[in-house]
Amino acid sequence: MLYASTRGGSPAVSSAQAIVEGLAPDGGLYTMNPADLPKLDLSALLDLAYPALAAKVLAALLPDFSEPEAKALVEKAYQDKFSTPLITPLTDTGSDLFLELYHGPTSAFKDVALCLLPWLMTASAAKLGNREDILILTATSGDTGKAALEGFRDVDGIRILVFYPRDGVSAVQRAQMVTQAGRNVKVCAVEGNFDDAQSGVKQIFETVHDGLSSANSINIGRLVPQVVYYFAAYAAAVRSGRIAAGEPLNFCVPTGNFGDILAGYLAGELGLPVGKLICASNANDVLTDFIRTGRYDRRRPFHKTLSPSMDILISSNLERLLYLLSEGDSALVASLMAQLKQDGWYQVPDALLEKIQSRFEAFCCDDAATVAAIRQVWNEQHYLIDTHTAVGWQAVEAFGRDKGPTVILSTASPYKFPGAVCAALGLACDGDEFAGMEAIERSTGVAMPSNLRGLRDRAVLHTDCVAPADMTAYVLEKKAEPTWNL
Ligand SMILES: *Cc1c(COP(=O)(O)O)cnc(C)c1O
């Protein structure tokens, strides 16, 4: 199984090469040919512990890795980093099923992939005989940055540079990043929003090819580890008797760059009985409109919301879905992406829209509904959720509970977004997120994750800030520096 560019303008490469390169040279995203996807034997997976399950999924999607090799990498990657050996536990509140993806080192779901990506990347580089240092460039809407920094810090042969939108992340998210230690890490603010930061990074990839890679979900090595927890959730729902083996299970995914939900689609293609995939958005509802009409139109106001990791109008991984559902029609994908870049919108052919709608549904909600969801779930189920998960919960309200059980992907700890959680619970925090975290813990008794404790008092180590137009120059300058000792 090779990985081809979704835009067809550069040669197909091995899975190891795709991970090392990140983005294809023609600007497309490395994606497998849908006809090459194997079907996994579900009955052989349901009783496996997480590393063994992960190894089966990884080996199926990344043929350069054998199952034993993948298992060893997964064990090393997650050991001591997650606060539960289940890695991604499924909580059944009696009414709703929440897949808790935030028990890793930075309390967001991105840890699941970003703890493993450095291991996949160094192993891939070794397979290719690569000796040169790799510079990882990452644009973050808040959570990827910290998770990538934690994943890659002090990994030999790799440096990592993270760009975040200066005014687009929460105080907790910013503090997590600017206090990051490590001899190979750098963090820089961008005077713009996430789309500016992400477009800047893509631009740098198009200008500078050598020695760069990405920790964003444009890297297939980011996506593949996320496929695993759909299987883990399904297995947990079977074991607890919520569903019978073989019965479909819906998944609702708070969505930004379309990476997490695309992993769910891939799980279905590997044979997992996935019912509907419900795409949940905040006021940045470009995906809701797209899934309902087939028209993707980013020419709309950008909203800063209480769920900032989903404040995105250019959803990168949708390109992969178009490629997969059009059976690898790279000419179509290339022309749609060119139109998006030039005109700001595109419309997919009817046949493609029908396929999308047979698998996906989409809903959005505003900040008021987000806060109301946190309050209602706490009051009725005594279960505390973050703002992103709250958007997912509202989507399930709209989707309905009469269409079979639905797993809501819980993508972050509520302690990462204390302002909104305090508002929902009626706790005063006077705009101080750190005081808010303590108030939540006192009031709910839900333990604060240890990595977030004491955050306010850690030393700020990164203060750089650039305009979007200066990102390339900044990267070239930093790349040329022999070391980054702080
Ligand atoms: C990144 C993120 C999302 C969106 O995930 P995508 O893969 O970009 O769709 C949702 N919730 C949280 C908390 C995140 O950090």
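Note that ligands are numbered from 1 as they come in the structure, with each ligand's atoms numbered from 1 the same way.
Considering backbone and side-chain atoms together, T411 places an N or O closer than 3.5 Å to an N or O of ligand 1. Considering backbone and side-chain atoms together, I312 places no N or O closer than 3.5 Å to any N or O of ligand 1. The shortest N/O to N/O separation between F109 and ligand 1 does not fall below 3.5 Å. Below 3.5 Å of separation, one finds an N or O of F258 facing an N or O of ligand 1. Not a single N or O atom of D386, backbone or side chain, sits closer than 3.5 Å to an N or O atom of ligand 1.
Annotation: side chain of K416 is not in contact with side chain of Y102 (no heavy-atom distance under 4.5 Å). Side-chain contact between S217 and L262 is absent, with no heavy-atom pair separated by less than 4.5 Å. With a 4.5 Å cut-off on side-chain heavy atoms, P51 and Y78 do not count as touching.
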- [ ] Before giving the answer on ring pair (Phe, Tyr, Trp, His ring centres under 6.0 Å), spell out for F290 and F258 the whole-Å C-alpha distance, their side-chain angles and the decisive distance to 0.1 Å.
- [x] CA-CA 12 Å; F290 172 69; F258 212 77; 8.1 Å; no
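When only non-hydrogen protein atoms are considered, atom 6 (P) of ligand 1 lies nearest to N257 N, 3.5 Å. At the top of the distance list for atom 4 (C) of ligand 1, counting protein heavy atoms only, stands G256 N, 3.5 Å. Scanning all protein heavy atoms for the shortest distance to atom 7 (O) of ligand 1 gives D260 N, 2.9 Å.
When the heavy atoms of D143, D111, T255, N282 are ranked by distance to atom 13 (C) of ligand 1, first place goes to D143.
Close contacts between ligand 1 and P254 involve ligand atoms 4 (C), 10 (C) [criterion: under 4.0 Å to a heavy atom]. In summary, the atoms of ligand 1 found under 4.0 Å from a heavy atom of A412, numbered by their order in the structure, are 13 (C). Heavy-atom contacts of G259 reach the following atoms of ligand 1: 6 (P), 7 (O), 9 (O) (cutoff under 4.0 Å).
Using a 3.5 Å distance cut-off with no hydrogens or angles, the side chains of D367 and N282 do not pair a donor with an acceptor. Using modelled atom types, one finds a donor on one side chain and an acceptor on the other under 3.5 Å when comparing K146 with Q180. A side-chain donor from one of D260 and Y229 sits under 3.5 Å from a side-chain acceptor of the other.
Residue contacts with ligand 1 leave out S217, since none of its heavy atoms falls under 4.0 Å from the ligand.
Heavy atoms of K110 found under 4.0 angstrom from ligand 1 belong exclusively to the side chain.
Between Y230 and F251, the two ring planes are perpendicular [angle over 60°; tilted spans 30° to 60°]. Ring orientation note: the planes of F98 and Y383 are close to parallel, at an angle under 30° on the 30°/60° scale.
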